[in-house]
Amino acid sequence: MSLRVASSGAGEPLVLLHGWGLNSLVWDSIVPTLARKFTVIRIDLPGHGASSWPPEFQDIESLAAALLPALPARCSLLGWSLGGVAAIDLALAHTGRIDRLVLVSTTPRFMRGDDWPHGLPAQAVEQFAALLESDYEATVREFLGLQAKGDEHARATLRELRQKLLAGGKPRLEALRAGLNILRMADRREQLPRVRVPTLVIAGEYDRMTPPGAARALAAAIPGARLELIARSGHAPFLSHAREFCQAVTTFLGQAGCEAIS
């Protein structure tokens, strides 16, 4: 009944939260660079990678609550996709513990609606949910493909996502169900003006899951937030455009520029 937490580097704590279906190994390519400036803390979400189930989650509030005990007393949060939505909730509920927020390929609402054109069609999410019950592995493969789609380095990005999924451990079906429930139900648009920590929103120009319009709306709704659009990138810019990604993160967090990634 525990979460896998890995730490490396020295400096102010920077906690990394991954997205649906993956695990904390997805950050491998950027950790060495970030660890030169920060104590980088990677957490496997509940039921993902090496983290157990329980702690369970059913919605974004319970996911944030499950992650809270693994956070340092104070830290900056960097969340990708589903991890970004959890980071928003943690920043809203625990402002005194969160210094800065980096939201990567994150949207306040995943589902498209009459007043929200920046989401996935409801039919697509329902198809994922139905496929999940009949073919777990096919659902994950299709989801990974969607994350790489549109990126100028799509093949390399998809290969890296698949490798990290296998190396870090497959997620539990219960966790995938819960994550899809968040995709269906979460809508944090009304709460965004209450985020009171410095925030950087990073988006991929060709992201097909959380399109740039969602990132623009997200940055506009959070007081003082900055938007960094990474050209020719898809849903995982930290994999496909690691140098630009690290530069944006370290500059925002008040450090010297990112050193070259070997």
Side-chain angles (χ1 to χ4, degrees), residues 17-22 59-61 63-64 77-92 101-129 139 142-152 154 157-158 161 178-195 197-241 244-245 248-249 252:
L17 302 175
H18 64 80
W20 185 88
L22 271 299
D59 49 32
I60 197 61
E61 294 88 355
L63 173 57
L77 279 180
L78 189 159
W80 170 48
S81 198
L82 177 59
V85 183
I88 291 172
D89 261 58
L90 287 163
L92 285 168
L101 202 56
V102 180
L103 304 175
V104 183
S105 304
T106 298
T107 175
R109 173 174 169 151
F110 284 94
M111 295 268 283
R112 187 178 301 169
D114 293 339
D115 60 345
W116 184 252
H118 311 301
L120 292 173
Q123 182 181 7
V125 178
E126 295 305 325
Q127 286 174 347
F128 270 119
T139 307
E142 186 169 340
F143 203 78
L144 294 183
L146 185 58
Q147 292 184 40
K149 194 172 183 180
D151 196 293
E152 67 173 340
T157 300
L158 180 56
L161 288 169
L180 277 181
N181 185 57
I182 292 174
L183 294 182
R184 286 175 170 140
M185 306 301 296
D187 188 344
R188 284 294 176 265
R189 290 176 293 171
E190 291 186 1
Q191 289 78 27
L192 294 178
R194 295 196 288 107
V195 176
V197 299
T199 301
L200 172 65
V201 176
I202 300 179
E205 180 184 11
Y206 298 143
D207 191 342
R208 303 294 177 83
M209 289 191 60
T210 54
R216 293 188 183 97
L218 178 64
I222 297 175
R226 288 177 44 195
L227 173 64
E228 183 80 22
L229 188 66
I230 297 185
R232 299 178 296 279
S233 173
H235 191 65
F238 55 91
L239 290 179
S240 62
H241 295 75
E244 297 95 323
F245 181 87
V249 170
F252 170 72

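The basis for the numbers below is simple: all heavy atoms, side chains too, and nothing from hydrogens, waters or symmetry mates. In what follows, residues are counted from 1 in the order of the sequence shown.
- Across every non-hydrogen atom of I202 and A248, the tightest pair is CD1-CB, 4.3 Å.
- Proximity of a side-chain donor or acceptor of E205 to a complementary backbone N or O of R232 within less than 3.5 Å is detected.
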Verdict with supporting geometry, D59 and M185, side chain to side chain contact (heavy atoms under 4.5 Å, CB included): CA-CA 8 Å; D59 49 32; M185 306 301 296; over 6 Å; no
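- Nearest heavy atom pair, residue D89 against residue E61, reads OD2-CG, 3.9 Å.
- When all heavy atoms of L227 and A215 are compared, the closest pair comes out as CD1-CB, 3.9 Å.
- Here OG of S81 is found 7.5 Å from CG of L183. Values are rounded to the nearest 0.5 Å.
- Judged as a salt bridge (charged side-chain N to carboxylate O under 4.0 Å, His left out), the pairs with a partner in residues 105-116 (not counting sequence neighbours) are, in order, R109-D187, D115-R189.
- For F128, the ring pair (Phe, Tyr, Trp, His ring centres under 6.0 Å) partners are F143, not counting sequence neighbours.
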Take H241 and D151 through the side chain to side chain contact (heavy atoms under 4.5 Å, CB included) test and state the conclusion after the steps. CA-CA 10 Å; H241 295 75; D151 196 293; 3.7 Å; yes
Please output the side-chain donor-acceptor pairs of residues 217-225 that fall under 3.5 Å, not counting sequence neighbours, one pair per line with the distance.
none

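- Here the CG atom belonging to L78 is positioned 9.0 Å from the CZ atom belonging to F238, to the nearest 0.5 angstrom.
- For the atom pair S240 OG and F245 CZ, the distance stands at 10.0 Å (nearest 0.5 Å).
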Stepwise side chain to side chain contact (heavy atoms under 4.5 Å, CB included) check, L144 with Q147: CA-CA 5 Å; L144 294 183; Q147 292 184 40; 4.0 Å; yes
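- Scanning both residues, L180 and A129, for their nearest heavy atoms gives CD1-CA, 3.7 Å.
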CA sep, side-chain torsions, deciding dist, call: V125, F110, side chain to side chain contact (heavy atoms under 4.5 Å, CB included): CA-CA 9 Å; V125 178; F110 284 94; 5.9 Å; no
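- Heavy-atom minimum distance, W80 versus A236: CZ2-CB, 4.1 Å.
- Looking at residues two or more places apart in sequence or on another chain, you find a side-chain hydrogen bond (donor to acceptor under 3.5 Å, both in side chains) between T210 and D207, H235.
- Considering CD of E126 and CE of M111, their distance stands at 5.5 Å, rounded to 0.5 Å.
- Rounding to the nearest 0.5 angstrom, the gap separating the OG1 atom in T157 from the NZ atom in K149 is 15.0 Å.
- Closest of all the heavy-atom pairs between P237 and V104 is CG-CG1, 3.9 Å.
- Screening residues 210-219 for salt bridge (charged side-chain N to carboxylate O under 4.0 Å, His left out), with sequence neighbours left out, gives no hits.
- Between atom CG of residue L82 and atom CG of residue L17 there is a gap of 9.0 Å, rounded to the nearest 0.5 Å.
- The side-chain hydrogen bond (donor to acceptor under 3.5 Å, both in side chains) check on H18 picks up nothing, with sequence neighbours excluded.
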